[in-house]
Amino acid sequence: MSVDREVQAAKLRVEELRAIIAHHDYRYYVLDSPEISDAGYDELMRELRQLEERYPQFITPDSPTQRVSGQPVEAFGIVEHRLPLLSLANAFNGEELRAWHRRAANLAERDDFALVCEPKMDGLAVALVYENGRLVQGATRGDGTRGENITENLRTIRTIPLTVGKDAPVRFEARGEVHMNKRGFERLNEERAREGQPLFANPRNAAAGSVRQLDPRVTARRPLDIFIYALGWAEGETPPTHWESLEWLGSLGFRINPNNVRVPDIEAAVRLCGEWQERRDGLEYEIDGLVVKIDDRELHDRLGIVGREPRWAIAYKFPPIQATTKLLEIGVNVGRTGSLNPYAVLEPVRVGGATVKLATLHNEDDIRRKDIRIGDTVIIQRAGDVIPQVVGPVASLRTGEEREYRTPERCPACGAPVHRPEGEAMSYCSNVACPAQAFRQLAHFVSRGAMDIDGIGESLGASLMQAGLVKDPADLYSLTKEQLVGLERMADKSAQNILDAVAGSKERPLGRVIFALGIRHVGSEIAEVLAQRYPSLDALAAASVEELQSIPAIGPKIAESVSAYFQTEANRRMIEKLRRAGVRLEAEGAPPAEGPLQGLQFVITGTLASFSRSEAEERVRSLGGNAGSSVTKKTDYLVVGETPGSKLKKAREYGTKTLSEEEFRELLRRHGAA
DNA sequence: GATCCTCGAGTTCG
DNA sequence: CTCGAGGATC
């Protein structure tokens, strides 16, 4: 039938147009050397759009007309990175770069390797996953293990190819840094100024804010760009060097920074870092340093990872942007543990795009060490991160009016005496009933990693305590709507939301509950360890110091602290209140003591492809096994992932059995862990 | 006793 | 992110 033939022809033409447009997108956006006029390009797009309107069945997500297709979303989904995105160790001068190189050369037992130097973009790292030639997922770095799914937003960035050539692997991940160049940033801010919208402080914030828009149509209008800086993982053959993998990614249509350089040795890299420091302002985008990577990918595997940092790469950071301002006053906060934390009140000053008014001063020793005095002119910097630091005073600007700081003798919140334990850096308020501590305890109890009670923040927590409605966290569970509505700016609806959030927290896992109690030295990790060991809060409360100490990762201090907590009358009373309110103080489901891996000690090293380390550990525990962090004589199995660290060596010394990831998965399968 | 790692606690700005 | 402290190991 002729209709069929017509449809068939349209389909072919649609595919052809897409290929042509993709080619011109690449020429224009990636290579910056178009082959056709804008009018010619528009004509192609128009034809494609018309055909797609007529034959909507041919619309696919990788069509260039569909860059902005997504609808606004409520929130981003979370995706697990198959291979974690690592962070980098820093070097702040040539000497530290050389030291890094020496360590790597020692471990590698050679020093003749080439290095790749790449401008370190100040942007937002993302991971792009392609399957069968199509972009299927784009995610933020997040904490390195899991990030946010921002695929629809990334699709709007013209330099990100929606499709890649046929010779690409079936599945692979490309990693890059999304950023906004200086001109785009200025134009965006001019536009926002005209529209009376708040301005972005710097290109980095603008890029990060744009990528995290819930409505992709907003993202599409932002002048975002990307440089791909690494091949994440790939199924199949990959080039032997980092440099070649970049070239190869370039040939697939990705945008690679043309300023990347491969150098033969560390001295050349050091020279280059110095040169770029001078030239950084000449670039059209902002950089905060250079990344230096060992080119040979085989060496990457040999050198491995320490903590979350690969040994085969390092970030050379330019000196941070500094400013001077007046230190007006030193204030003191009281922390959850009663610690007195001094902070600097500064005359507001702009540093690296943000206005700084406060900065933490850590503790008295630190202030003394840096010789910071009230009234000093001080140097402020925002190094790499966001958090401002007081570097030190400008002693030459002293007038003699400056005062030295002294830790107050009485708690600024409650007036109780302050004491400083022998050998500790911090001073503490001695009053167990200090209102400031109680307030911080409450904030900790409701916080995200603990009971996760949404809607109770700083201000509501403060007013609840002010009104005498809440004296300890357990009181949250007896709040009534009438009480809440009596508070300022609290209508029926929001009061109900709060009550729902409180009620919804009654069934948190035991580990969360233990963490929420805020026992000194017991953070999220130790709380989880305790929850694995004891089936209920009562069982934990009954444990002796000796018994607690026998648990790996728990030494005398933690054991003592836990025991003391449960012996304190006020704490026992609060736990009783929690119990009566219906908060579950028992582990969920059957105790893990019966699992098939009962009594076996597992340790994981390197990166696993199919799950994150904590996930793998969770599975082990769910089968009754133990998962530790370092190899000892007691370790039964070492699970070896990609780029194992020093643990593997240890395991060989002790003759510990090792499992490959495959074997480990097989073991889990055999014992019925999904 | 020294040293390596991991964990805990407090923190800034928009 | 930072520092300091706690735990484990040699």
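Because the structure is predicted, anything quoted here is derived from the model rather than measured. Computed over heavy atoms, backbone and side chain alike; hydrogens, waters and symmetry mates excluded. Residue numbering restarts at 1 for every chain, and letters A, B, ... go by the order of the sequence lines.
- Put simply, Ser339(A) has no side-chain N or O that comes within less than 4.0 Å of OP1 or OP2 on dA9(B).
- Nearest to the side-chain atoms of Val356(A) among the listed nucleotides dC7(B), dC13(B), dG6(C) stands dC13(B).
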Worked verdict on Glu309(A) versus Ser87(A) for side chain to side chain donor-acceptor pair (under 3.5 Å): CA-CA 5 Å; Glu309(A) 297 166 353; Ser87(A) 44; 4.7 Å; no

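- Closest to the Asn341(A) side chain, of the nucleotides dT11(B), dG8(B), dT12(B), is dT11(B).
- Among the nucleotides dC3(C), dG7(C), dT12(B), the one closest to any side-chain atom of Leu358(A) is dT12(B).
- Among dG14(B), dG6(C), dA9(B), the nucleotide with an atom closest to any side-chain atom of Arg520(A) is dA9(B).
- Here the side chain of Ile558(A) is nearest to one of dT11(B), dT2(C), dG7(C), namely dG7(C).
- Side-chain atoms of Ala425(A) lie closest to dG4(C) of the nucleotides dG8(B), dG4(C), dC13(B).
- Within 4.0 Å of Asp366(A), counting heavy atoms only, lies no atom of the nucleic acid at all.
- Arg368(A) and Asp366(A) are not joined by a salt bridge, as no carboxylate oxygen comes within less than 4.0 angstrom of a charged side-chain nitrogen.
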Under 3.5 Å, which donor-acceptor pairs link side chains of residues 436-456 of chain A to any protein atom two or more places apart or in another chain?
{"residue": "Gln437(A)", "atom": "NE2", "partner": "Asn431(A)", "partner atom": "O", "Å": "3.1"}
{"residue": "Arg440(A)", "atom": "NE", "partner": "Val334(A)", "partner atom": "O", "Å": "3.3"}
{"residue": "His444(A)", "atom": "NE2", "partner": "Phe515(A)", "partner atom": "O", "Å": "2.8"}
{"residue": "Ser447(A)", "atom": "OG", "partner": "His444(A)", "partner atom": "O", "Å": "2.7"}

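- Here dG10(B) is the nucleotide among dG10(B), dG7(C), dC7(B) with the atom lying nearest to any side-chain atom of Thr337(A).
- Side-chain proximity of Asn363(A) to dC7(B), dG4(C), dG14(B): nearest is dG4(C).
- Residues meeting the side chain to side chain contact (heavy atoms under 4.5 Å, CB included) test with Pro342(A), sequence neighbours left out: Ile330(A), Leu361(A), Ile367(A), Tyr405(A).
- Taking the side chain of Lys357(A) as heavy atoms from C-beta on, and the options dC13(B), dG10(B), dC7(B), the nearest nucleotide is dC13(B).
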